[in-house]
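Residue numbers count from 1 along this sequence. Remember, it's a predicted structure, so these values are computed and weren't measured experimentally.
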Amino acid sequence: MGIILGLIIGGLAGWIAGNIMRGGSFGILGNIVVGVVGGLLGSVIFKLLGLASTGIIGSLVVSVVGAVVLLWIVSKVKSKA
């Protein structure tokens with residue numbers, strides 16, 4: 001996957017996850033960061049569960065799942081601090 005396509009998917013995944021978790025987005029750069037890190041986390045989660053994804057839609061699903069988990073973890077850490 002090209003870098004540009006990865007950034008686009010990351011931005012879209014971050015935006016979707018932001019809307020799912022707290023009803024808003026984080027700006028373009030924030031969405032990209034959340035989506036890319038979420039994609040990494042999502043790929044680890046899917047690999048541990050024995051699931052696989054292919055194509056652009058599969059990458060988007062994995063990134064959104066990972067980004068939602070990432071935002072959930074961040075919200076739990078922030079609430080304890």
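- To the nearest 0.5 Å, the span separating CD1 on Ile28 from CG on Leu7 amounts to 12.0 Å.
- Alongside Leu29, the hydrophobic cluster contains no other residue (criterion: ILVMFWY side chains under 4.5 Å).
- The environment of CD1 in Ile56 is sparse: at most 12 heavy-atom neighbours from other residues, nucleotides or ligands sit within 6.0 Å.
- The OG atom of Ser59 sits 12.5 Å away from the CD1 atom of Ile8 when rounded to the nearest 0.5 Å.
- Atom NZ of Lys76 is separated from atom CG of Leu71 by 13.0 Å, given to the nearest 0.5 angstrom.
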For residues 36-51, please give each side-chain donor-acceptor pair under 3.5 Å, one per line with the distance, not counting sequence neighbours.
unit_1: Ser43; atom_1: OG; unit_2: Gly39; atom_2: O; d: 3.4
unit_1: Ser43; atom_1: OG; unit_2: Leu40; atom_2: O; d: 2.8

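- Minimum interatomic distance between Ala13 and Gly35 (heavy atoms only, all atoms of both residues): CB-CA, 4.2 Å.
- Here Leu12 contributes atom CG and Ile32 contributes atom CD1; the two are 11.0 Å apart, rounded to the nearest 0.5 Å.
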